[in-house]
Amino acid sequence: MTNRQQDLLRELQHNEHILHVVSAEDLQKEHLELKGNTKLIAQQVTPVLDALKAAKLIHEVGGFKPGQVVLKKYGNKQYVIFKGKAGERHVLKGTKYLADNPTVVRMAIGPKGIVKSAKGGFVITAVLSVSIEIFDYVIRDTALLSEMLGVITTDLVKIGLSTLAGVAAGLAVGSAAVIGSVAAAPFVVAIAVGVLAGFVLDKIDQRLGATQALIKAYARMGIMLDEIKYETSRNLKYLEDNPQFIPCLFGPCHGIRGY
Amino acid sequence: MSPKVAQSVFLLFNLIAVLAVAYVVHDIVNVTSELAGKQPVIPLDTGISYLLLMSVFWLLSLVQFVGRRNKQHFIIRWSNQLVISWFITTLLLAYFIPVLLQGRLQQAGYIPCDDPQVVSRISRGASLIFVHGQVYHAADVQPVTQPEQVCELFASGLSTQ
């Protein structure tokens with residue numbers, strides 16, 4: 001082999017790219033196998049984020065010692081009071097903050113913080129669940145639009161309701177005597193109640209067949225829309241073939257009933 | 001939320017926690033007795049055990065009860081660690097209980113099939129129906145051994161009902 005040939009060969013090897021061609025059937029099969037796992041991961045995102053927030057808060061208030069954060073009401077305003085050494089804290093260096101202080105809310109402390117944290121959790125879970133369903137619809141040949149819309153609608157309602165239940169539990173524990181000062185408690189109960197609410201809603205849906213009914217309703221709506229589309233195009237075609245009737249669209253016409 | 005309302009909601013959740021944990025225990029007993037009775041079809045929801053997380057309310061009630069009497073009690077001093085440990089323990093239990101049950105069912109010759117009635121699910125785990133591999137042997141000339149075939153036959157049996 002000449003030097004030139006060797007150089008060419010080296011150059012070709014250097015620019016080598018491996019392409020894997022996957023058939024649509026294989027991709028669908030792989031997707032169906034992985035769908036359960038991806039949904040599972042989507043379900044775990046919010047609890048993991050909550051746990052991270054709780055860990056951050058515990059670290060910020062100087063460890064596991066309880067009573068480091070106390071909610072107090074002076075006049076009409078609610079305050080978050082931090083105990084312990086202010087100098088050891090990294091973000092909240094003061095001792096008293098209004099409950100709606102942006103930094104306090106960002107750290108998921110106090111009622112507004114819990115609500116904001118739950119809102120974030122809802123958005124993440126909703127986006128992930130909807131994306132999985134849309135991807136499933138795009139990739140699966142047998143998937144129906146009515147099926148996707150029905151599942152997304154019930155999923156969003158269920159995620160919303162379980163988030164609300166979690167928020168209510170987190171707020172109740174955060175405002176209750178003694179346990180309100182346990183930093184990890186609101187997060188833990190919000191996760192527990194969210195899980196319970198999700199489970200109960202799934203069981204209700206399974207028992208009543210709400211998703212199935214919605215899918216059927218969407219399918220019926222689709223048939224109705226198709227009928228309307230068909231009727232409209234049929235009438236337009238009629239008008240194209242009989243242009244003398246076009247003025248009848250805008251006023252009474254001899255021999256035409258039902259204007 | 002006012003402390004009075006918060007306390008009422010907290011007590012309500014405590015009551016719900018009792019029902020949730022009782023439901024988990026009832027379900028485990030149910031599956032075990034169905035397995036012992038060699039039922040042809042055993043439904044198992046692997047997400048039920050996550051309801052054990054609700055038991056954290058009992059620990060919080062204990063913390064509150066002790067805290068109202070003695071703020072220096074070790075339960076109060078260790079409350080954060082206790083809550084987190086309880087949560088992790090119940091989470092581990094919730095993960096391993098269905099794994100154990102599924103293992104026992106599969107050892108006994110049951111095949112896990114997806115519940116065809118479940119269309120949308122947001123809660124943890126999966127709704128499974130364990131069908132015994134022998135169920136479809138008598139009806140067919142060729143014995144059904146493949147798990148997919150058993151599940152397909154089971155699903156088609158449900159849809160024709």
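Contact annotation for B:S55: neither backbone nor side-chain heavy atoms come within less than 4.5 Å of a heavy atom of chain A. Looking at A:D202, only its side chain comes within 4.5 Å of chain B, counting heavy atoms on both sides. Contacts between B:F65 and chain A at a heavy-atom distance below 4.5 Å are absent for every atom of the residue. If you measure heavy-atom distances from A:L201 to chain B, you find no contacts under 4.5 Å at all. If you measure heavy-atom distances from A:S129 to chain B, you find no contacts under 4.5 Å at all. Looking at A:A126, neither its backbone nor its side chain comes within 4.5 Å of chain B, counting heavy atoms on both sides. Using a 4.5 Å cut-off between heavy atoms, A:V173 contacts chain B through its side chain alone, with no backbone atom that close.
In plain terms, the two heavy atoms of B:A6 and A:A176 that are nearest each other are CB-N, 3.9 Å. Heavy-atom minimum distance, A:Q212 versus B:Q117: NE2-O, 4.4 Å.
Around CG of B:N30, the count of heavy atoms belonging to other residues, nucleotides or ligands within 6.0 Å exceeds 12. Heavy-atom contacts from other residues, nucleotides or ligands closer than 6.0 Å to CZ of B:R68 number more than 12. The local environment of OH in A:Y79 is crowded, with over 12 non-hydrogen atoms from other residues, nucleotides or ligands closer than 6.0 Å.
Contact count against chain B (heavy-atom pairs under 4.5 Å) is highest for A:V189 among A:D205, A:V189, A:I215, A:V200. If you tally non-hydrogen atom pairs under 4.5 Å between each of A:I152, A:I179, A:V151 and chain B, the highest count goes to A:I179. Of all the listed residues (B:L60, B:L12, B:V63, B:L59), the one sharing the greatest number of non-hydrogen pairs under 4.5 Å with chain A is B:L60. The candidate from B:W86, B:Y50, B:F13 with the greatest count of non-hydrogen atom pairs under 4.5 Å with chain A is B:F13.
A:Q206 places a side-chain heavy atom less than 4.5 Å from the side chain of B:D115. At a threshold of 4.5 Å between non-hydrogen side-chain atoms, the residues B:F57 and A:V193 count as touching. Contact of the B:F87 side chain with the A:F187 side chain is not registered, since no non-hydrogen atoms from C-beta on lie closer than 4.5 Å. Annotation: side chain of B:I122 is in contact with side chain of A:S162 (closest heavy-atom distance under 4.5 Å).
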Residue pair A:V182, B:I76: steps toward the side-chain contact (heavy atoms from CB on, under 4.5 Å) verdict: CA-CA 9 Å; A:V182 180; B:I76 302 300; over 6 Å; no

Derivation and outcome, salt bridge (charged side-chain N to carboxylate O under 4.0 Å, His left out), residues A:K203 and B:D45: CA-CA 10 Å; A:K203 285 287 155 200; B:D45 195 313; 3.0 Å; yes

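Considering CZ of A:F199 and CG of B:L51, their distance stands at 5.0 Å, rounded to 0.5 Å. Residue B:R121 holds its CZ atom at 11.5 Å from CG of A:D155, rounded to the nearest 0.5 Å.
Side-chain N/O atoms of B:S120 and A:K158 include a donor and acceptor closer than 3.5 Å.
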